[in-house]
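Quick note: residue numbers are just sequence positions, from 1.
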Amino acid sequence: MKRENSVDPSVTVCLDAGEVRRIRERQHLTQLYVSKVVGVTTDTVSRWENNRYPTIRRENALKLADALEVPLEEILQKPEADVVAAEQPPEKKTVFHRGIFLMVFLLALAGVYLALSRTPQPLPAVTAQRLLPVFAAPGSTIPVQVELTFRADSGGVILREYFPKGWKIVQSHPPASSLDNVNGIARWIIKVGEERDRVVYLIQVDPEAQPGKTENFQGEIVSSREGSKSAVPIQGASSTAVAPFHWADADGDGRVDDGEMIDGSYTIEDMAGVHIDWNALEKLWDAGSYEWSQEKGRFLPKSK
């Protein structure tokens with residue numbers, strides 16, 4: 001959607017909180033997706049929708065409208081004159097009548113709540129779990145897996161992954177339907193009938209990543225079934241520690257032992273469709289220890 005030019009960032013506008021929520025739900029978008037597009041936190045999006053932040057910078061309002069795929073005017077409060085020209089004063093009611101009305105309303109509301117609470121909620125059509133290495137060395141490439149569990153015919157799935165900025169996906173299987181390495185967003189479309197139990201990718205760690213820092217991943221699965229859509233967060237691992245250790249070295253002791261080598265072989269097998277150098281890993285295992293060479297951008301075996 002075309003954005004307006006020459007926006008003064010200091011100008012604020014008033015949001016129509018209810019309309020923002022209605023449009024987002026109508027478009028089947030999650031607060032997580034909107035927050036990533038606008039560049040704010042999910043908590044901020046929630047506060048916008050609950051009128052906790054009634055005003056917003058016009059620059060962010062434009063981004064919000066872009067994320068919701070609507071003109072800016074649709075999410076702003078309308079002038080009072082445009083909303084209601086004139087309202088007829090309500091009929092006067094006695095306190096007794098108002099009390100009866102309130103009682104009936106509360107009883108009806110309680111009945112609806114009990115009915116909904118007793119109605120079993122359907123399980124999501126698709127769930128997902130992410131597998132991440134414990135450690136990631138600056139400049140190295142690590143494997144990431146997202147395992148999918150199909151509970152029913154989903155009618156199609158969109159997998160969204162949000163990875164740390166500065167990191168870059170270099171290979172994936174299947175290839176990403178949409179990849180933005182600048183902002184750290186990748187999406188895969190899995191169509192009805194595709195036999196697939198996981199999405200895998202290799203991601204290169206930012207060479208400038210600071211050791212000791214923890215980097216986070218987020219994601220969600222959007223599925224459609226019987227004319228409705230649902231979005232559920234990806235479970236499993238969501239963070240990895242930046243440190244000069246190989247992805248197969250789960251305990252970070254500077255060596256790949258026998259147990260870690262077995263786990264590494266399973267990882268490589270599960271990562272079919274992308275290339276992981278088995279021979280390089282085997283050399284680290286045979287040497288007994290290794291070290292990370294920032295200059296060469298790879299792990300080097302050390303003599304026992």
Contact check, side chains of [X] and [Y], non-hydrogen atoms, under 4.5 Å:
{"X": "L72", "Y": "V13", "result": "no"}
{"X": "V242", "Y": "E215", "result": "yes"}
{"X": "R52", "Y": "S46", "result": "no"}

How close do [X] and [Y] get, heavy atom to heavy atom, and via which atoms?
{"X": "A67", "Y": "V34", "value": "CB-CG1, 4.3 Å"}
{"X": "C14", "Y": "T55", "value": "SG-CG2, 4.1 Å"}
{"X": "Y33", "Y": "Y162", "value": "CA-OH, 3.5 Å"}
{"X": "P244", "Y": "A137", "value": "CA-CB, 3.9 Å"}
{"X": "S293", "Y": "K296", "value": "OG-N, 3.1 Å"}
{"X": "P301", "Y": "A287", "value": "CB-CB, 3.4 Å"}

Please step through side-chain contact (heavy atoms from CB on, under 4.5 Å) for the pair T127 and I221, ending with a clear verdict.
CA-CA 7 Å; T127 57; I221 285 284; over 6 Å; no
Can you pull out every salt bridge (charged side-chain N to carboxylate O under 4.0 Å, His left out) where at least one residue sits in residues 253-272? Sequence neighbours excluded, please.
R198-D270, D253-R255
Examine distances only and state if a side-chain atom of [X] and a backbone atom of [Y] form a donor-acceptor pair shorter than 3.5 Å.
{"X": "Q77", "Y": "L15", "answer": "yes"}
{"X": "Q210", "Y": "E208", "answer": "yes"}
{"X": "T240", "Y": "P133", "answer": "yes"}
{"X": "N216", "Y": "P164", "answer": "no"}

What distance separates [X] [atom1] from [Y] [atom2], expressed to the nearest 0.5 Å?
{"X": "T12", "Y": "Y53", "atom1": "OG1", "atom2": "OH", "value": "14.5 Å"}
{"X": "R298", "Y": "E291", "atom1": "CZ", "atom2": "CD", "value": "11.0 Å"}
{"X": "E161", "Y": "I234", "atom1": "CD", "atom2": "CD1", "value": "4.0 Å"}
{"X": "T30", "Y": "R160", "atom1": "OG1", "atom2": "CZ", "value": "5.5 Å"}
{"X": "D286", "Y": "M261", "atom1": "CG", "atom2": "CE", "value": "7.5 Å"}
{"X": "E220", "Y": "R187", "atom1": "CD", "atom2": "CZ", "value": "10.5 Å"}

Would L148 and V157 satisfy side-chain contact (heavy atoms from CB on, under 4.5 Å), going step by step from the backbone distance to the final call?
CA-CA 10 Å; L148 306 175; V157 166; 5.6 Å; no
Checking side-chain contact (heavy atoms from CB on, under 4.5 Å) for the pair N50/R21: CA distance, chi angles, key distance, verdict?
CA-CA 8 Å; N50 289 283; R21 178 185 290 274; 3.5 Å; yes
If the condition is ring-ring contact (aromatic ring centres under 6.0 Å, His included), which residues does Y290 pass it with, not counting sequence neighbours?
F299
Linking I/L/V/M/F/W/Y whenever their side-chain heavy atoms sit closer than 4.5 Å, directly or via other members, would [X] and [Y] fall into one cluster?
{"X": "I56", "Y": "L62", "value": "yes"}
{"X": "I203", "Y": "V170", "value": "yes"}
{"X": "V134", "Y": "L131", "value": "no"}

When you measure from the centre of the six-membered ring of F217, is the NZ or CZ of R130 under 6.0 Å away and within 45° of the axis?
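No; the conditions do not both hold, so R130 does not lie above the ring face of F217.
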Atom pairs and distances, donor-acceptor, side-chain atoms in residues 274-281, under 3.5 Å, two or more places apart:
{"from": "D277", "atom 1": "OD1", "to": "N279", "atom 2": "N", "distance (Å)": "3.1"}
{"from": "D277", "atom 1": "OD1", "to": "A280", "atom 2": "N", "distance (Å)": "3.1"}

For the pair Y201 and F163, name the ring-plane relationship: parallel under 30°, tilted 30 to 60°, perpendicular over 60°.
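Tilted.
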Would W247 and L202 satisfy side-chain contact (heavy atoms from CB on, under 4.5 Å), going step by step from the backbone distance to the final call?
CA-CA 11 Å; W247 61 262; L202 296 177; over 6 Å; no
